[in-house]
Trainee: 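Sending over a structure as structure tokens; questions will come in a sec.
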Amino acid sequence: MAEKTKMIIEKDFKIADIDDRLYSSFIEHLGRAVYDGIYEPGHPNADENGFRKDVIDLVKELGVTTVRYPGGNFASNYFWEDTVGPKEQRKKRLDLAWRTLEPNEVGINEFSKWAKQAGSSVMMAVNLGSRGVPDALNLLEYCNLDTDSYYASLRRQHGDKEPYGIKLWCLGNEMDGPWQVGQKTATEYGHIAAETAKAMKMMDESIELVACGSSGVGMPTFGEWEAQVLDQAYDYVDYISLHQYFENRAGDTADFFASLDDVDEFINAVIATCDYIKGKKHSKKTVNLSFDEWNCWYHQSAEDSETMEKKPWGLHPHLLEDHYTYEDAIADGLALIKFIKHADRVKIACLAQLVNVIAPIMTEHGGAAWRQTIFYPFYHASKYGRGAALKPVMKTGTHKTSKHEDVTDVEAVPVYNEEKQQLTVFAVNRLTDESVPFEVDLRGFEGYKVVDYQALESNDMLAVNSAEEEKVKPVTKTDYTITETGFTAELKPASWNVFVLAKS
Ligand code: AHR
């Protein structure tokens with residue numbers, strides 16, 4: 001048994017209210033996310049629009065608040081006009097990002113209805129790769145305006161009388177990436193982002209805008225890119241984006257769990273850059289962070305490259321269909337704890353992605369929809385992680401891994417939902433071979449008792465789920481002890497733990 005972890009929870013130690021959009025996700029026109037994913041006409045569970053009701057039920061179960069759409073890399077050569085109106089007149093297009101044939105059977109008309117059915121709002125991307133200001137304005141008018149002008153009238157003509165009212169918009173995607181159609185320098189992107197944002201807000205001042213940060217913390221552009229882009233666009237944008245994917249290619253679980261600490265460094269660096277520009281501009285406004293792509297992504301990379309290289313221009317090929325392991329679920333749980341701890345500045349976080357493509361939900365053609373291992377930490381966080389993030393005052397042991405020093409054994413965060421009078425503690429034991437005694441002192445929460453304790457526990461780090469069997473799923477635990485000051489429990493090695501407390 002490892003050193004004990006002690007946590008003190010005080011109501012007044014508030015980090016910030018958690019923005020519900022911390023539990024967002026992402027659907028890109030990529031592989032089988034849309035076609036053969038959310039949309040499969042002819043499937044026994046499809047509705048009259050071809051959308052699978054069983055998939056919608058799982059999205060609702062996850063509690064996804066906002067869905068980013070339509071990309072991703074796909075957005076950089078996106079011709080939105082081809083995706084609307086009578087389906088038989090829509091043009092088929094080549095998607096250069098994923099070397100796929102895009103039939104445009106699902107476009108904004110359909111997707112906005114799907115999102116509504118799924119209980120989510122849409123976070124829409126404009127194409128700042130191969131297009132620019134006029135196209136972004138036309139799309140915004142089509143989606144949000146009720147005027148007598150051309151594009152708003154066109155939407156009505158297409159049968160959608162009410163505007164979609166999309167409040168959150170991405171100004172392109174990963175524009176510093178060499179893989180992007182229309183890659184830009186920071187100066188070029190900063191200019192087009194500022195001009196597009198300015199014009200979009202002239203048209204609809206109720207919207208919020210996300211400027212592209214660098215596509216990754218490891219990019220040579222990182223840091224200077226954020227500073228230059230914000231230097232030009234600061235006054236017009238509300239968020240800057242962060243993208244990060246985690247991987248365990250080396251098969252080193254301890255270091256994989258430790259690598260989630262890199263998320264903290266990434267977030268802190270971007271906050272510092274935003275605030276540097278704020279100071280430099282003597283601005284009163286604060287630009288916050290949109291972590292609009294995060295997840296584990298590494299299992300299928302070799303197969304995906306081969307598919308795109310050797311069998312290009314197919315319809316909805318199997319791409320990025322990572323089968324997630326038990327340890328991937330723990331890594332995702334750690335990421336969620338990191339986001340909650342940064343709730344004061346991270347306002348949006350999109351699990352990339354949602355269905356079939358690096359996704360918590362998988363579908364079989366003509367068959368079942370099922371939950372991957374990574375479904376569960378998101379499900380728990382989305383269900384119990386609403387309210388105020390509280391500062392975890394913690395004393396925990398530390399350890400060293402192959403590439404990380406001073407790694408805390410336990411990562412944890414409490415969330416207080418005042419309305420429901422509910423307190424939840426999320427905790428991960430990162431030690432792979434030892435349990436950790438966990439002692440929680442509920443100082444500011446007199447009378448609160450554990451009413452539910454759910455955990456993911458396994459000795460098999462590589463266990464995966466399938467349509468036939470959910471090897472990895474939460475277990476309800478009763479082996480905790482209510483003490484005079486709070487409660488104690490034993491966190492099993494490499495486990496995800498959710499303690500739900502209510503006033504007795
Ligand atoms: O989520 C998959 C891809 O990862 C996205 O299209 C892109 O933005 C990122 O590189």
Side-chain angles (χ1 to χ4, degrees), residues 24-35 37-38 64 66-78 93-100 102 111 123-130 168-184 189 193 210-222 225 229 239-247 263 266 289-305 307-308 316-322 324 328 331-332 335 348-362 372 374 378:
S24 298
S25 189
F26 178 24
I27 291 270
E28 179 164 6
H29 281 252
L30 193 183
R32 298 193 310 123
V34 175
Y35 308 106
I38 61 170
V64 175
T66 301
V67 185
R68 188 165 172 252
Y69 177 83
N73 299 336
F74 175 82
S76 288
N77 197 34
Y78 179 53
R93 284 272 187 184
L94 294 182
D95 163 30
L96 304 184
W98 304 105
R99 310 195 81 210
T100 300
E102 170 55 54
F111 190 75
M123 175 185 195
M124 185 82 196
V126 299
N127 172 1
L128 292 188
S130 60
L168 188 59
W169 293 76
C170 301
L171 297 161
N173 177 68
E174 297 191 343
M175 297 308 311
D176 62 340
W179 54 88
Q180 214 65 235
V181 173
Q183 180 195 3
K184 297 192 169 32
Y189 175 69
V210 185
C212 293
S214 169
S215 49
V217 65
M219 292 291 285
T221 33
F222 176 68
W225 172 276
V229 167
Y239 307 94
I240 184 116
S241 73
L242 293 83
H243 291 179
Q244 192 169 25
Y245 291 97
F246 325 117
E247 54 182 49
V263 171
F266 186 16
L289 278 53
S290 170
F291 216 116
D292 50 41
E293 285 187 32
W294 70 271
N295 199 354
C296 301
W297 177 14
Y298 61 106
H299 293 288
Q300 287 295 115
S301 306
E303 289 84 343
D304 293 335
S305 304
T307 306
M308 285 190 279
H316 49 77
H318 290 257
L319 283 176
L320 279 65
E321 295 198 16
D322 283 29
Y324 288 114
D328 294 330
D332 275 12
I348 302 154
C350 305
L351 173 65
Q353 299 192 8
L354 186 55
V355 179
N356 287 334
V357 169
I358 43 173
I361 299 167
M362 300 297 287
Q372 293 240 49
I374 61 165
F378 188 101

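First listed ligand is number 1; within each ligand, the first listed atom is number 1.
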Trainee: Tell me, which protein residue and heavy-atom name are nearest atom 2 (C) of ligand 1, and how many Å apart are they?
Mentor: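 For atom 2 (C) of ligand 1, the nearest protein heavy atom comes out as Gln353 NE2, 3.5 Å.
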Trainee: Counting only heavy atoms, which portion of Ile358 has something under 4.0 Å from ligand 1: side chain, backbone, both, or neither?
Mentor: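 Within the 4.0 Å criterion, Ile358 contacts ligand 1 through side-chain atoms alone.
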Trainee: Would you check the N or O atoms of Asn73, main chain and side chain alike, for any that come under 3.5 Å of an N or O of ligand 1?
Mentor: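 Yes: some nitrogen or oxygen of Asn73 is under 3.5 Å from one in ligand 1.
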Trainee: Heavy-atom contacts with Glu293 under 4.0 Å: which atoms of ligand 1 show up? List them by number with element.
Mentor: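 Matching atoms, with element in brackets: 1 (O), 3 (C), 4 (O), 5 (C), 7 (C), 8 (O), 9 (C).
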Trainee: One residue to check: Tyr245. Relative to ligand 1, which of side chain, backbone, both or neither has a non-hydrogen atom less than 4.0 Å away?
Mentor: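 For Tyr245, the contact with ligand 1 is made by the side chain alone.
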Trainee: Hey, which atoms in ligand 1 end up nearer than 4.0 Å to a heavy atom of Asn173?
Mentor: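 With Asn173 as reference, the close atoms of ligand 1 come out as 7 (C), 8 (O).
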Trainee: May I ask you to check whether Glu28 has an N/O atom sitting below 3.5 Å from an N/O atom of ligand 1?
Mentor: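 It does: an N or O of Glu28 is found under 3.5 Å from an N or O of ligand 1.
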Trainee: Could you tell me whether the side chains of Gln180 and Asn73 share a donor-acceptor contact shorter than 3.5 Å?
Mentor: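 Result is yes, a qualifying pair exists.
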Trainee: Please verify the inter-ring angle class for Phe378 with Trp294; under 30° counts as parallel, over 60° as perpendicular, anything in between as tilted.
Mentor: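 Rings of Phe378 and Trp294: parallel, as their planes differ by under 30°.
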Trainee: What distance do Leu30 atom CG and Phe74 atom CZ have between them, rounded to the nearest 0.5 Å?
Mentor: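 Atom-to-atom, Leu30:CG and Phe74:CZ are 9.5 Å apart.
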Trainee: Check the orientation of Tyr69 and Phe111. Use parallel for under 30°, tilted for 30 to 60°, and perpendicular for over 60°.
Mentor: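 The rings of Tyr69 and Phe111 lie parallel, inter-plane angle below 30°.
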Trainee: Considering both backbone and side-chain atoms of Glu174, is one of its nitrogen or oxygen atoms within less than 3.5 Å of a nitrogen or oxygen in ligand 1?
Mentor: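 So ligand 1 has an N or O lying under 3.5 Å from an N or O of Glu174.
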Trainee: Tyr189 vs Trp225 aromatic rings, parallel, tilted or perpendicular, using cut-offs 30° and 60°?
Mentor: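 Tyr189 and Trp225: parallel rings.
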Trainee: Would you please classify the geometry between the Trp297 ring and the Tyr245 ring as parallel, tilted or perpendicular, with 30° and 60° separating the classes?
Mentor: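 Ring orientation of Tyr245 relative to Trp297: perpendicular.
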Trainee: For Trp98, which part has a heavy atom under 4.0 Å from ligand 1: side chain, backbone, both, or neither?
Mentor: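 For Trp98, only side-chain atoms sit under 4.0 Å from ligand 1.
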Trainee: Does Asn295 reach the main-chain N or O of Leu351 with its side chain, forming a donor-acceptor pair under 3.5 Å?
Mentor: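 Not confirmed, Asn295 side chain does not pair with Leu351 backbone.
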Trainee: In terms of atom number and element, which parts of ligand 1 are under 4.0 angstrom from non-hydrogen atoms of Gly72?
Mentor: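 Going through ligand 1 atom by atom, the ones under 4.0 Å from Gly72 are 5 (C), 6 (O), 8 (O).
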Trainee: Using a 4.0 Å cut-off to any heavy atom of Phe26, which atoms of ligand 1 qualify?
Mentor: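 Taking each heavy atom of Phe26 in turn, ligand 1 has 1 (O) under 4.0 Å.
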Trainee: Could you state the interatomic distance from CG (Leu319) to CH2 (Trp98), rounded to the nearest 0.5 Å?
Mentor: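 Answer rounded to 0.5 Å: 7.5 Å.
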